[in-house]
Amino acid sequence: MVAKALEVRPLTETFGAEVLGVTLSGEISPDTLAEIKALWLRYGVLLFRGQAMTKDDQVGFSRLIGPLEIHIRAEWLNDTHPELLQITNIRKDGKAIGALADGEVGWHFDQIYLPKPAIGSLLYSIKIPPVGGGTHFADMTTAYARLPQHLRQIVDGRNAIQSYVAFNTMYSTDANATQTTMTPDIAHPLVRTHPYSGRRALYICPGMTVKICGLPDDESRAVLDELFAWQARDEFVYRHDWALGDGLLWDNACTMHRRDDFDGAHERLMYRTTILPQPDRAIPF
Ligand code: SIN
């Protein structure tokens, strides 16, 4: 019998798709999983509406995509499920119990600052404000493919420095001394080749990319500013306005994201798993 293909509704002309009729909780058949993986590779961002995932469900499904990373910010992890990074403005004793607590957050890739950056994330909405707090995604495969020639000549074959310290300074979320030691500034290619698809995507972001290696500081700053403006053009962006029960699975190798401001009088709580590439390419994805 031929498996029934999942129903998909594209979110933009180039990337992002809503996947209909899939429940991420409980058992997922091998055919459905294979299709979700293929869609994730093809579209970069997958939206699953109306989910009712337990913490175990979210962790279990995410593990089917790849090994999970435990975020170094132990203070933001869920008590019972450390694979879940809490993203929330909810506070205990005056301190936010999660990452990215308040307001707007600029464009970034999850964990671009690590030697082995994440390949995916699954963000699941538990509490959302009535307005605002939307998450925008930008398609870096298309941004690279359409890059003007003078910029392409600069980015190809070059590295840039990624800085978690710079990100934390921007948002006043400084890590402790041990965590800071674990996350020194690091160089990655400005163009990331996807480990599964082989497609090339721009891999810089205003939140964490501080310098292009091999260029004088003023030239590096000017090129980065031009690239940051380019990669955030409307033609590359999908904006997601959250509903309760939405799950968004994105590809960190070829999309970056940012968040809109929202009224801090309302609680916002999301759980995020962060998915690593398979350590061994011999293991089929
Ligand atoms: C994230 O950057 O991982 C979360 C974005 C959001 O809070 O919508």
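Order of appearance sets the numbers: ligands from 1, and atoms from 1 within every ligand. The structure presented is a predicted model; accordingly, all values stated were derived computationally and were not measured.
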Criterion side chain to side chain contact (heavy atoms under 4.5 Å, CB included) on Lys55 and Tyr271, from CA distance to verdict: CA-CA 8 Å; Lys55 294 174 192 178; Tyr271 289 147; 3.5 Å; yes
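- Here the protein heavy atom with the shortest distance to atom 3 (O) of ligand 1 is Arg272 NH1, 2.9 Å.
- Within the 4.0 Å heavy-atom cutoff, Val105 does not count among the residues contacting ligand 1.
- Residue contact check: Leu100 has heavy atoms under 4.0 Å from atoms 1 (C), 2 (O), 4 (C) of ligand 1.
- Contact annotation: Arg258 has no heavy atom less than 4.0 Å from any atom of ligand 1.
- For ligand 1, the atoms closer than 4.0 angstrom to any heavy atom of Asp110 are 3 (O).
- Ligand 1 does not have Met270 within reach: every non-hydrogen atom of the residue lies 4.0 Å or more from it.
- At the top of the distance list for atom 2 (O) of ligand 1, counting protein heavy atoms only, stands His108 NE2, 2.9 Å.
- His108 and His257 share a donor-acceptor pair across their side chains, judged by distance under 3.5 Å alone.
- Inspection of the Ser121 and Asp110 side chains reveals an N or O donor paired with an N or O acceptor under 3.5 Å.
- If you number the atoms of ligand 1 from 1 as listed, the ones under 4.0 Å from a heavy atom of Ile87 come out as 1 (C), 3 (O), 4 (C), 7 (O).
- Applying the 6.0 Å contact sphere to CZ of Arg239 captures no more than 12 heavy atoms from other residues, nucleotides or ligands.
- Taking the centre of each ring, Tyr203 and Phe109 come in below the 6.0 Å mark.
- Atoms of ligand 1 found under 4.0 Å from any heavy atom of Thr135, numbered from 1 in the order shown, are 6 (C), 8 (O).
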Please test Val45 against Leu249 for side chain to side chain contact (heavy atoms under 4.5 Å, CB included), starting from the C-alpha separation and ending with a verdict. CA-CA 6 Å; Val45 176; Leu249 174 68; over 6 Å; no
What verdict does the side chain to side chain donor-acceptor pair (under 3.5 Å) test give for Asp217 and Ser220, after you've listed the backbone C-alpha separation in whole Å, the side-chain angles of each residue and the deciding distance to 0.1 Å? CA-CA 5 Å; Asp217 284 355; Ser220 163; 5.9 Å; no
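- The protein non-hydrogen atom at the shortest distance from atom 7 (O) of ligand 1 is Arg268 NH1, 2.8 Å.
- For the pair Trp242 and ligand 1, the shortest N or O to N or O distance does not fall below 3.5 Å.
- Arg258 and Asp260 are joined by a salt bridge, as a carboxylate oxygen and a charged side-chain nitrogen come within less than 4.0 angstrom of each other.
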